[in-house]
Amino acid sequence: MSENRQVRVRFAPSPTGDLHVGNIRTALFDWAYARHTAGKFVFRIEDTDRERVTDQYIQAAADTLRWLGLDWDEGPEVGGPHGPYLQSQRLAIYKEWADRFLDQGDAYLCFCTNEELEARREAAKESNRPPGYDGACRDLSESDRKRLSDEGRKPVIRMRMPDGSTTFNDLIRGEVTFDHKFVPDFVLMRNDGSPLYTLAVAVDDVLMKITHILRGEDLLSSTPRQIRVYQAMGVKVEDYPIFAHLPFVMGTDNAKLSKRNGEVSIAWYRERGFLPEAICNYLALLGWSPGDDRENVTLSELAELFDVSRVNASPARFDMKKLEAINGEKIRALSIDELLERSLPFLKSSKVITGTQDEIEVIRKALPLIQERIITLSEVVGMVSFLFGEDVVVAEDEATKISDEVSRATLKAAKEVLELVSEWSEISIESALRGELIEKMGLKPRVAFTPVRIAVTGSHISPPLFESLALLGKTRTLRRISALL
RNA sequence: GGCCCCGUCGUCUAGCGGCCUAGGACUCUGGCUUCUCAAGCCAGCUACGAGGGUUCGAAUCCCUUCGGGGCUGCCA
């Protein structure tokens, strides 16, 4: 392509469900490449034959991209000079080009029915010939076409693949060549006038002046067909988009990540309290690396550093543990105000709080205690819920941990000494408890505090005890201890 | 089956002929710290799929082989 063209990259998902991890990794790299080169990031919806689900899909997809911080320069909601950006609204354009290919002799009408094709494919397979289209309708005469049409057959438009081969330079894989013997003539348009992916994608990329196509490697072998469309459109070789086929994101087994082998929906991660910056950071490192040992990458750093040539050619396994580790790190890096703001939706939707000022103040004080103990935002809920309500539910297995004599004596002593604490603060609580249970009774700290912890928080795992009691208040602390005596 | 892509610790990766007795991160194991759980700190385990070349020298180049994946649609 010409060196001085402005870079234009597109993310073009098809509306087959929620945006998933693989989609987003592609979107992230598309975005990063566009931003890195000061180019344009185009968002396009590949909905050639699914008009009905489009509206809500587009909204969800746009919402997800926005949430992640991947802003687009052209596309749904923002428009742009090369729209519309929904393929379902561009049907006339595809038809026009298909007709033109027909006129030019690049494409031809194919009257074969699905059943016929299938039968011939089977036969070809059995006799060890390649299973692609056999070219039956390639050189039909005018009278042949009339006869077939009179039979009531409605033709599709099929692209003619000339003899020879297609070679292109993939930014990630280097030079790739396909012999046309293995690239059979393909359908551009169904007999109802709807376009197929190969037609629509190529036409749109040319018309939208896309310069770089970064997409999944599953599309690698369809590239010669797309290039064939460019040729038929009269695009000069130097103006062809440049391809970069990204490796797959794999599940825990060795298959492409899907619902069956992992959590794929970005919405799922969002609902669990994964931070968008953590998802982006993790995904950026999946198949790409900045080259040094840095693991912490923000979106703006990614935009600055991203280079397609540093993308790995081999597939990468999605590792939840590492995502969690990064998410935990990002949470710990948040200020309390940020953490509060991001936690609130989880606390409200789980009904732990309604959102009053008093409740929020309690949360604000509790957050520093739990910030380093959570790996996702949704865990805030379980960590702070004991601070609300008069009583706490002590589960059976927790209760049995402290049903012995020593524990009961400890609780009793704790209650008595806490009753005497006049200024209810973390420091006075700690000195009271330590003085009584550790020094006087001679208990090990672990033995001494566990009963109190369980009685008051409901679990042997909790935020630091003295701070927790201070937040809870004297009345409820004593009430809960008494409940177990 | 055919075509195409891929192959470094369990996982993500660094590595582009000597700096590699292969580095980092996550995981895992052990330890320190400690009121629990975390966090933090320290230590440890573990990898160039195999076989041939080329070269003074190969994880790095070539070939073969094995393994994995994708495509082979009037899906995208």
Side-chain angles (χ1 to χ4, degrees), chain A residues 12-16 46-50 110 112-114 117-118 121 125-126 128-133 154-158 170 172-174 176-179 181-184 186-192 194-198 200-201 215-224 245 247-248 250 252 254-256 282 285-296 310 312-326 328-329 332 369-375 383 430 433-434 437-438 444-450 452-454 457 459-468:
Chain A
S14 59
T16 48
E46 222 112 280
D47 60 340
T48 47
D49 63 348
R50 275 172 236 260
C110 173
C112 300
T113 64
N114 259 323
L117 289 174
E118 208 161 306
R121 240 195 312 269
K125 219 169 176 179
E126 272 171 35
N128 256 333
R129 282 176 290 125
Y133 186 66
K154 295 188 70 183
V156 302
I157 300 176
R158 195 179 280 275
D170 188 286
I172 294 170
R173 284 147 219 285
V176 182
T177 298
F178 288 88
D179 192 313
K181 279 197 294 246
F182 309 108
V183 186
F186 56 97
V187 175
L188 294 168
M189 189 159 273
R190 301 186 182 90
N191 57 205
D192 64 358
S194 62
L196 272 93
Y197 169 79
T198 320
V201 75
R215 38 129 72 147
E217 68 164 299
D218 48 336
L219 271 348
L220 186 61
S221 45
S222 82
T223 305
H245 286 95
F248 288 130
M250 313 289 271
T252 42
N254 243 24
K256 193 175 157 186
Y282 174 65
L285 263 21
L286 212 55
W288 174 83
S289 92
D292 49 26
D293 287 337
R294 69 194 295 169
E295 297 273 333
N296 196 299
R310 289 203 60 85
N312 251 302
S314 53
R317 229 88 44 198
F318 183 86
D319 182 3
M320 182 73 86
K321 280 276 193 289
K322 184 143 183 176
L323 204 213
E324 288 174 346
I326 291 176
E329 263 174 46
R332 273 170 255 135
L369 307 181
I370 66 169
Q371 183 167 30
E372 64 192 25
R373 281 162 237 271
I374 56 175
I375 54 178
M383 293 270 185
E430 175 165 9
L433 249 22
R434 280 194 191 279
L437 307 180
I438 311 291
K444 290 219 183 281
R446 182 189 197 108
V447 176
F449 300 135
T450 298
V452 181
R453 186 188 307 283
I454 292 177
T457 72
S459 169
H460 72 287
I461 297 171
S462 82
L465 187 61
F466 316 121
E467 290 92 326
S468 297

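All values below come from the heavy atoms of this structure, side chains included, with hydrogens, waters and symmetry mates left out. Letters A, B, ... mirror the listed sequences (proteins, then strands); counts begin at 1.
- Checking B/A76, B/C6, B/C26 against every side-chain atom of A/A325, the shortest atom distance belongs to B/C26.
- Rounding to the nearest 0.5 Å places OG of A/S462 at 9.5 Å from CD of A/E467.
- Phosphate contact (OP1/OP2 of B/G40, side-chain N/O of A/R332, threshold under 4.0 Å): present.
- Dashed line: the shortest gap from a side-chain N or O of A/R310 to OP1 or OP2 of B/U13 is not under 4.0 Å.
- Listed nucleotides: B/U11, B/A76, B/C37. Nearest to the side chain of A/S14: B/A76.
- Between A/R158 and B/C74 there is a side-chain polar atom (N or O) within less than 4.0 angstrom of OP1 or OP2.
- The side chain of A/F248 sits closest to B/G70 out of B/A76, B/C35, B/G70.
- Which of B/U36, B/C6, B/G69 sits closest to the side chain of A/A313 comes down to B/C6.
- Distance check on atom P: B/G18 versus B/C62 gives 16 Å, rounded to whole Å.
- The listed nucleotides are B/C5, B/A76, B/C74; the one nearest the side chain of A/R121 is B/C74.
- Across the strands present, B/U54 finds no partner; the criterion is a Watson-Crick or G-U wobble pair with both atom distances under 3.5 angstrom.
- For A/N191, the side-chain atoms get nearest to B/C74 when compared with the rest of B/G69, B/C12, B/C74.
- Residue A/N312 places none of its side-chain N or O atoms closer than 4.0 Å to OP1 or OP2 of B/U8.
- Contact between the side-chain N/O atoms of A/S289 and the OP1/OP2 oxygens of B/A14 is found at a separation under 4.0 Å.
- Distance A/L220 CG to B/C4 P: 11 Å, rounded to the nearest Å.
- A donor and an acceptor atom sit less than 3.5 Å apart, one in the side chain of A/E295 and one in the base of B/G24.
- Counting only heavy atoms from C-beta on, A/F182 has its side chain closest to B/C3 among B/C3, B/C35, B/A76.
- Contact between the side-chain N/O atoms of A/R317 and the OP1/OP2 oxygens of B/C9 is not found at any separation under 4.0 Å.
- Taking every side-chain heavy atom of A/R373 into account, B/C37 is the closest of B/C37, B/C35, B/A14.
- Out of B/C35, B/A39, B/C12, the shortest distance to the side chain of A/E372 is found at B/A39.
- A 3.5 Å limit on both hydrogen-bonding distances identifies no Watson-Crick or G-U partner for B/U46.
- Under 4.0 angstrom from either OP1 or OP2 of B/C74 there lies no side-chain N or O belonging to A/T113.
- Closest to the A/E467 side chain, of the nucleotides B/C35, B/C5, B/G24, is B/C35.
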### Task
Could you check A/S194 against A/R190 for side-chain hydrogen bond (donor to acceptor under 3.5 Å, both in side chains), going step by step and ending with a plain yes or no?
CA-CA 5 Å; A/S194 62; A/R190 301 186 182 90; 2.9 Å; yes
